[in-house]
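This report refers to the structure that appears directly beneath it.
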Amino acid sequence: MGWGKFCSAASHPYGKQYKAAFRKSVFPSQIPYLINGDPKGSLQEAAQNILEQIFLSPAILTNYNLTTSTQPPDPPFSPKKSRRLNDRQHGFREGKSADTAINELLRNIKTARRDGKHVLVLFIDIKGAFDNFQHRAILKTLDASACPSNMNRLFHSLLQNRKLTLLTPQGRATNEQKQGCPQGSCSGPVLWNLVANEILNQVWPDNVHIQAFADDFVLVIKADTNKSIVEDTQSAITQFSSWCSENELAISTEKTNYILFSKMVRSPKITWNGYEINRVKSFKYLGIHVDDRLAGAH
């Protein structure tokens, strides 16, 4: 069998050998250890050794235990298939987009205004969400999810006992890495959505709507009176702030603001941990501009 037919016959673009190793919770870099012990030579030679074990030459018989598993291939894990992600999360999801997030937000505002409600929309800015969310929160969420056990074990191995070492003029400095997931990484958005799903799934009052596009959260609070809009907004802030504290996330009160859709003359005083939140007359949400009269989105 030539290389073309060999690769075409693989049920996964990384090859059957890779899938077999992954199913057994074996890292790709460990495959040579299972076959012929500790690989010798340069990094390039080690990489070549790994590649040869993942995509074996057609002339080499694949009779070792990594490829003889009779287990059916594990289905790829996705939050969509686990049916656990809240429908109000619009970021990094198939079938969701900035358009669905914008439409849902505008629909909630317009419906409440037609019903004669005061509407306060709070835009929440989390400081460095992807840089600061805790590894323990990721692992806790994975443990409670429908994530396949082999993938769960791999993430536990990846995210525990991580250390960062720097050489400084004063000597070697080592620090344990317990947080952060690069925003450009492949798994980062999915892991963030799993953690953020917790706050979306909490029980909220009927007059409070919450939605998110990745780490951009919006709260829509509807009320009949000036007093109620303030009290209900502060209550929603307390609930959201509690979740942030549990996950060691911080809010940027300077970048968090609200817009009011109402005929109120005076601006309601909204605070977050003692800091007064600014009221704005218009906002830009996921690329569109909307003013407090809903004159139009553009």
Side-chain angles (χ1 to χ4, degrees), residues 78-93 95-96 100-109 111-112 117-130 132-147 152 179 181 188-223 228-253 255-259 268 270-275 277 285-286:
S78 73
K80 177 184 176 183
K81 291 189 177 181
S82 70
R83 300 185 183 277
R84 297 182 65 89
L85 270 193
N86 194 292
D87 196 52
R88 294 190 297 275
Q89 172 60 267
H90 296 267
F92 307 118
R93 297 182 64 189
K96 297 286 187 177
T100 62
I102 293 167
N103 289 336
E104 182 172 2
L105 176 60
L106 294 178
R107 183 171 62 251
N108 272 274
I109 296 171
T111 300
K117 306 287 187 182
H118 301 296
V119 182
L120 188 148
V121 180
L122 181 67
F123 300 95
I124 302 172
D125 184 272
I126 300 178
K127 291 182 179 178
F130 281 84
N132 295 314
F133 79 113
Q134 302 295 307
H135 292 170
R136 62 171 181 79
I138 298 173
L139 299 178
K140 180 187 72 173
T141 305
L142 285 173
D143 288 341
S145 74
C147 179
N152 197 353
Q179 66 185 48
C181 197
V190 175
L191 295 176
W192 168 260
N193 277 356
L194 286 172
V195 174
N197 199 52
E198 186 178 41
I199 186 63
L200 294 173
N201 276 342
Q202 286 188 13
V203 178
W204 292 87
D206 291 339
N207 66 326
V208 176
H209 168 77
I210 183 173
Q211 67 177 74
F213 186 90
D215 58 330
D216 292 326
F217 287 92
V218 179
L219 288 171
V220 181
I221 299 93
K222 298 152 277 188
S228 295
I229 197 75
V230 174
E231 292 176 348
D232 294 345
T233 300
Q234 293 297 160
S235 178
I237 286 175
T238 299
Q239 182 172 344
F240 194 93
S241 183
S242 177
W243 172 77
C244 289
S245 298
E246 291 173 3
N247 291 282
E248 299 180 43
L249 296 170
I251 299 300
S252 173
T253 52
K255 296 181 180 179
T256 296
N257 48 51
Y258 76 88
I259 186 169
I270 305 299
T271 61
W272 197 306
N273 293 334
Y275 293 92
I277 302 300
Y285 180 62
L286 301 178

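As the structure is a computational prediction, the values presented were derived from the model and not from experiment. This chain uses plain numbering: 1 for the first residue, then up along the sequence.
- Between the Trp243 side chain and the Leu249 main chain, no donor and acceptor come within less than 3.5 Å of each other.
- Judged purely by atom type and a 3.5 angstrom limit, Gln234 uses its side chain to pair as donor or acceptor with the backbone of Thr271.
- Using a 4.5 Å cut-off on side-chain heavy atoms (C-beta onward), Tyr275 and Ile251 make no contact.
- In summary, of the residues considered (Asp216, Leu219, Ile259), a side chain to side chain contact (heavy atoms under 4.5 Å, CB included) with Phe123 occurs for Ile259 alone.
- Scanning all heavy atoms of the two residues, the minimum distance from Ala214 to Gln89 falls at N-OE1, 2.8 Å.
- When the side-chain hydrogen bond (donor to acceptor under 3.5 Å, both in side chains) test is applied to Gln211, the partners found at least two apart in sequence or on another chain are His209, Tyr285.
- In this model, a donor atom of one side chain and an acceptor atom of the other lie less than 3.5 Å apart for Gln239 and Gln202.
- Ring geometry for Phe213 versus Phe92: interplanar angle of 30 to 60°, hence tilted.
- Remark: Asn201 pairs with Asn86 by the side-chain hydrogen bond (donor to acceptor under 3.5 Å, both in side chains) rule, at least two apart or across chains.
- The pair Asp232-Lys222 does not count as a salt bridge, with every side-chain nitrogen at least 4.0 angstrom from each carboxylate oxygen.
- Classification of Glu246 and Lys140 as a salt-bridged pair fails, no side-chain N sitting under 4.0 Å from a carboxylate O.
- Proximity of Phe133 to Asn247: side-chain heavy atoms (C-beta onward) are nowhere separated by under 4.5 Å.
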